[in-house]
Engineer: 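Below you will find the structure I want to go over with you.
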Amino acid sequence: MKHFSRSLFVSVALSALTMAAQELKAATPADQLVIGTSLAQVLSLDPQQATEGKAVEIMSNLYDRLVATTPDGKVVPQLAESWQVDDKGVTFKLREAAFASGNPVTSKDVVYSLGRLLKLDQAAAANLKRVGYTKDNVDQLVKAIDDKTVRIDLSDAVTSELLLYRLAMAIASVVDSVEVQKHAVNDDYGNAWLRTHSAGSGPFTLNRWSPNELVILDANKGYVAGAPKMRRVIVRHVPESQVERLMLERGDIDLASALTASDLATFNGKKGFEVQRVPTGGFYVLAMNAGNKYLANAKVREAIAYGIDYQGIEKTIMGPYGRVRTVPVPENYEYAVPSPDWHLDVAKAKQLLADAGFKDGFSLTLKTIAQTPRVDLATAIQASLGQIGIKVDVQQGNGSDIISAHRARNFDLLIPQTGAYMPNVLGSMEQFASNPDNSLEANNAGNFVWRSAWDIPELTAVTAKASMEPDPKKRGELYVEMQKMFIDQKPAVLPMFERFEPIVLNSKVQGYVGHPNLITRLEGVTKAETE
């Protein structure tokens with residue numbers, strides 16, 4: 001019998017954990033870090049393919065990039081010990097480092113990795129394609145000068161500053177070209193193999209990945225900056241918040257990052273635990289498919305913007321996960337404009353639907369990954385939109401199903417989440433404001449706006465202009481213009497809540513600092529001795 005009661009399963013699991021908690025508290029090994037989270041979005045661990053948050057966190061510990069960013073947004077050396085910027089590009093000098101295989105890291109590996117990113121042409125490639133790098137020009141723009149020198153010429157759509165921030169993303173991880181090419185099959189650049197293996201120079205190596213179960217990372221004893229303090233990192237899939245809370249309280253895990261707001265609240269001020277609320281620069285978004293006959297109408301999209309109880313949802317569901325913000329730029333960023341006056345106004349929303357020719361309402365489906373807090377957020381949106389005459393059917397799914405539907409434009413409404421690649425207006429908003437080719441034939445599934453079939457040529461042009469503007473004052477003026485244009489066009493990618501990543505740690509864990517870009521590194525994490 002394949003069907004079972006989810007609530008019964010959770011009840012049994014909770015009962016078992018509660019009874020176990022009455023016994024002597026468990027403790028994870030002193031040399032292992034055990035993380036409880038949701039792995040529903042981890043579909044691949046190939047750094048030139050995967051872009052989902054938890055996959056990025058894992059991959060950022062398997063691989064190094066030329067440069068990295070600190071939690072406060074500074075670009076710092078990683079595989080590159082130094083670099084020189086001129087008006088045509090950036091020249092990098094590599095440090096002496098080796099991959100986990102023992103192969104030396106050379107400029108050829110850097111060239112191969114960036115070429116592989118663009119030639120695989122997966123969603124991850126969008127971050128460089130958006131600024132003029134393509135599979136056709138990468139071999140001309142990225143070159144090995146010698147074994148330890150790499151030259152990256154600027155395209156005509158990027159500045160050196162923006163290029164450096166993009167090179168700090170997980171998508172620009174440097175892979176072991178010798179090892180990866182051993183496993184290439186049918187010109188796949190080793191993708192089938194690298195989805196479930198690692199070939200990096202980072203502080204850890206991939207021991208095992210069992211989808212929706214666990215990921216095990218082993219310390220890379222030969223890591224260039226010294227072996228990690230933890231011999232092993234275990235990431236466990238614990239999608240039920242109450243189970244995860246009890247596991248953390250009992251000592252079965254050291255860190256929890258998929259707790260509901262109510263379970264998180266139980267750790268506020270609780271002895272033996274620390275709560276971090278990491279700003280991501282990103283958003284929880286209501287994506288609307290503008291290819292839908294209803295959602296193509298700007299008045300309908302505006303009606304939906306007035307049909308959501310943002311304040312109520314923030315208070316009852318989002319809590320530490322998000323705060324109301326309907327412009328895709330965090331409110332504390334320089335040049336951020338105020339949110340528009342979108343709030344729950346049933347009468348106004350109904351009038352907008354009537355003006356659009358749909359006074360009797362209509363039905364839509366809303367797809368979401370079954371993950372905290374998006375499931376509860378979807379249910380709340382369903383209730384809100386029901387008040388204005390839009391009947392919403394919520395469809396939950398795993399990461400593979402929902403992400404595939406999003407990239408294929410196979411949805412009416414969908415709840416994705418975003419991040420920011422640098423801490424300014426462009427780093428957060430660019431993905432909401434650029435869609436160079438909206439045609440179905442473009443098949444640009446890596447472009448966030450393209451997935452919603454929202455054609456925005458004027459906004460795309462202003463965004464491109466801002467990307468190339470060297471004068472800070474003029475660039476700031478363009479940032480303001482971008483945000484105002486976005487609001488005026490009644491977006492099909494509606495930011496609802498600025499996104500935070502709340503994490504609860506056992507206070508034995510030392511040196512864990514959540515990174516806004518989800519590239520939290522673990523080599524310096526230690527554990528204090530048990531009292």
Side-chain angles (χ1 to χ4, degrees), residues 41 43-44 48-53 55-56 114 117-138 155-158 162-163 165-166 169-172 281-292 295-296 301 328-329 367 402-422 425-468 482-483 485-486 489 491-495 517:
Q41 284 186 278
L43 312 180
S44 167
Q48 274 93 55
Q49 178 181 44
T51 58
E52 293 70 39
V56 168
L114 294 177
L117 170 66
L118 289 158
K119 292 168 186 177
L120 272 176
D121 203 14
Q122 301 277 337
N127 293 288
L128 284 182
K129 287 169 62 179
R130 190 179 287 123
V131 292
Y133 293 89
T134 70
K135 61 184 177 183
D136 297 320
N137 67 19
V138 65
S155 72
D156 59 2
V158 73
L162 300 192
L163 176 61
Y165 274 106
R166 280 175 163 81
M169 300 172 71
I171 57 120
F283 292 82
Y284 288 102
V285 182
L286 182 63
M288 312 178 210
N289 190 339
N292 176 286
L295 301 171
R301 299 197 299 268
V329 176
K367 295 183 177 181
I402 302 302
I403 292 168
S404 295
H406 193 198
R407 292 175 177 172
R409 294 180 170 179
N410 180 25
F411 66 96
D412 297 333
L413 303 173
L414 191 143
I415 303 178
Q417 64 184 39
T418 68
Y421 72 91
M422 61 180 175
V425 169
L426 198 65
S428 179
M429 186 178 179
E430 183 185 60
Q431 60 199 306
F432 289 84
S434 178
N435 185 12
D437 186 349
N438 192 53
S439 68
L440 188 62
E441 293 73 26
N443 193 29
N444 193 6
N447 183 288
F448 189 64
V449 178
W450 182 91
R451 297 177 190 180
S452 284
W454 187 38
D455 200 12
I456 47 170
E458 296 87 1
L459 181 53
T460 298
V462 174
T463 302
K465 187 176 180 181
S467 299
M468 293 299 295
M482 286 167 59
Q483 293 168 82
M485 287 181 69
F486 177 84
Q489 294 189 48
V493 282
L494 174 66
N517 297 355

Engineer: Is there a donor-acceptor pair under 3.5 Å between the side chain of K367 and the backbone N or O of H406?
Structural biologist: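 No, because the side chain of K367 does not come within donor-acceptor range (under 3.5 Å) of the backbone of H406.
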
Engineer: How about S452 and V493: do any of their side-chain heavy atoms sit closer than 4.5 Å?
Structural biologist: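 Side-chain contact under 4.5 Å: yes.
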
Engineer: What closest approach, in Å, do A157 and M468 show between heavy atoms, and which atom pair accounts for it?
Structural biologist: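 Looks like C-SD, 3.2 Å.
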
Engineer: To the closest 0.5 Å, what do you measure between CG (L114) and CG (L128)?
Structural biologist: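 L114 CG to L128 CG: 7.0 Å, rounded to 0.5 Å.
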
Engineer: Minimum heavy-atom separation for A492 to A290, with atom names?
Structural biologist: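 Looking at all heavy atoms of both residues, the shortest contact is CB-CB, 4.4 Å.
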
Engineer: Side-chain polar contacts of residues 458-465 - donor-acceptor pairs under 3.5 angstrom, sequence neighbours left out - could you list them?
Structural biologist:
{"residue": "T460", "atom": "OG1", "partner": "N435", "partner atom": "N", "Å": "2.9"}
{"residue": "T460", "atom": "OG1", "partner": "I456", "partner atom": "O", "Å": "2.8"}
{"residue": "T463", "atom": "OG1", "partner": "A433", "partner atom": "O", "Å": "2.9"}
{"residue": "T463", "atom": "OG1", "partner": "L459", "partner atom": "O", "Å": "2.8"}

Engineer: Looking at every heavy atom in both V56 and T51, which two are closest together, and how far apart are they?
Structural biologist: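 Where V56 meets T51 most closely, the heavy atoms are CG2-O, 3.7 Å.
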
Engineer: Ignoring hydrogens, what is the shortest heavy-atom contact between A287 and F411? Give both atom names and the distance.
Structural biologist: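 So the two residues come closest at O-CE1, 3.7 Å.
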
Engineer: For L118 versus Y133, what's the shortest heavy-atom pair and its separation?
Structural biologist: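 For L118 versus Y133, the nearest heavy atoms are CD2-O, 3.4 Å.
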
Engineer: So N127 and I171, do their side chains get closer than 4.5 Å, heavy atoms only?
Structural biologist: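 A side-chain contact under 4.5 Å exists here.
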
Engineer: A side-chain contact here means heavy atoms from C-beta on lying under 4.5 Å apart; do V449 and S434 qualify?
Structural biologist: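 They are not in side-chain contact.
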
Engineer: Would you indicate whether the side-chain heavy atoms of V131 and L163 approach each other to under 4.5 Å?
Structural biologist: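 Not touching, per the 4.5 Å side-chain cut-off.
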
Engineer: Just checking, is any N or O donor in the side chain of D437 or S439 under 3.5 Å from an acceptor N or O on the other one?
Structural biologist: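 The answer is yes; a qualifying pair exists.
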
Engineer: Using salt bridge (charged side-chain N to carboxylate O under 4.0 Å, His left out) as the criterion, list what pairs up with R407, not counting sequence neighbours.
Structural biologist: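 R407 satisfies salt bridge (charged side-chain N to carboxylate O under 4.0 Å, His left out) with E52 once adjacent residues are dropped.
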
Engineer: Any carboxylate oxygen within less than 4.0 angstrom of a Lys/Arg side-chain nitrogen, looking at K129 and D121?
Structural biologist: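 So K129 pairs with D121 through a salt bridge.
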
Engineer: Taking C-beta and beyond as the side chain, do K119 and Q48 meet within less than 4.5 Å on heavy atoms?
Structural biologist: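 No - every pair of side-chain heavy atoms lies 4.5 Å or more apart.
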
Engineer: Between R301 (side chain only) and A296 (backbone N and O only), is there a donor and an acceptor less than 3.5 Å apart?
Structural biologist: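 Yes: the side chain of R301 pairs with the backbone of A296.
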
Engineer: Check whether N292 reaches the backbone of L413 with its side chain - one donor and one acceptor, N or O, closer than 3.5 Å.
Structural biologist: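 It does not hold such a pair.
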
Engineer: Got M429 and Q483 here, is their nearest side-chain heavy-atom distance under 4.5 Å?
Structural biologist: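 Touching, per the 4.5 Å side-chain cut-off.
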
Engineer: Quick one: CZ on F432 to CZ on F448, what's the gap to the nearest 0.5 Å?
Structural biologist: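 It is 5.0 Å, given to the nearest 0.5 Å.
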
Engineer: Given the rule in the side chain to side chain contact (heavy atoms under 4.5 Å, CB included) test, do M482 and L426 qualify, once you have shown the distances and angles that lead to the verdict?
Structural biologist: CA-CA 9 Å; M482 286 167 59; L426 198 65; 4.0 Å; yes

Engineer: Specify the closest pair of heavy atoms between V158 and S155, including all atoms of both residues, with the distance to one decimal.
Structural biologist: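 Taking every non-hydrogen atom into account, CG1-OG, 3.5 Å.
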
Engineer: Do R166 and Y421 come close enough that some side-chain heavy atom pair is under 4.5 Å?
Structural biologist: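 Contact flag for R166/Y421 side chains = yes.
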
Engineer: Can you tell me how far the CG atom of L120 sits from the NZ atom of K135, to the nearest 0.5 Å?
Structural biologist: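 Those atoms lie 10.5 Å apart.
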
Engineer: Is a side-chain donor or acceptor of N447 paired with a backbone partner of N444 at a separation under 3.5 angstrom?
Structural biologist: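 No, N447 side chain to N444 backbone: no donor-acceptor pair under 3.5 Å.
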
Engineer: Please enumerate all residues that pass salt bridge (charged side-chain N to carboxylate O under 4.0 Å, His left out) together with R130, with sequence neighbours excluded.
Structural biologist: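 Partners of R130 by the salt bridge (charged side-chain N to carboxylate O under 4.0 Å, His left out) criterion, ordered by chain and then number, come out as E430.
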
Engineer: Report yes or no: does S428 contribute a side-chain atom to a donor-acceptor pair with the main-chain N or O of P328 at less than 3.5 Å?
Structural biologist: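 Answer holds: yes.
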
Engineer: Nearest 0.5 Å, please: how far is CG in L295 from CH2 in W454?
Structural biologist: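 Reported value, rounded in 0.5 Å steps: 13.0 Å.
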
Engineer: Nearest 0.5 Å, please: how far is OG in S467 from CG in L162?
Structural biologist: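 Between atom CG of L162 and atom OG of S467 there are 6.0 Å.
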
Engineer: Compute whether any side-chain donor of one residue and acceptor of the other, for D412 and N289, lie under 3.5 angstrom apart.
Structural biologist: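 Judged by distance alone, the side chains do not pair up.
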
Engineer: Output, in order, the C-alpha distance, side-chain angles, deciding distance and verdict of side chain to side chain contact (heavy atoms under 4.5 Å, CB included) for Q41 and Q417.
Structural biologist: CA-CA 11 Å; Q41 284 186 278; Q417 64 184 39; 4.0 Å; yes

Engineer: Does some side-chain heavy atom of L117 sit less than 4.5 Å from a side-chain heavy atom of Q49?
Structural biologist: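 When only atoms from C-beta onward are counted, L117 and Q49 do not touch, as no gap falls below 4.5 Å.
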
Engineer: To the nearest 0.5 Å, what is the distance between CG (L494) and OH (Y284)?
Structural biologist: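 The CG atom of L494 sits 15.5 Å away from the OH atom of Y284.
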
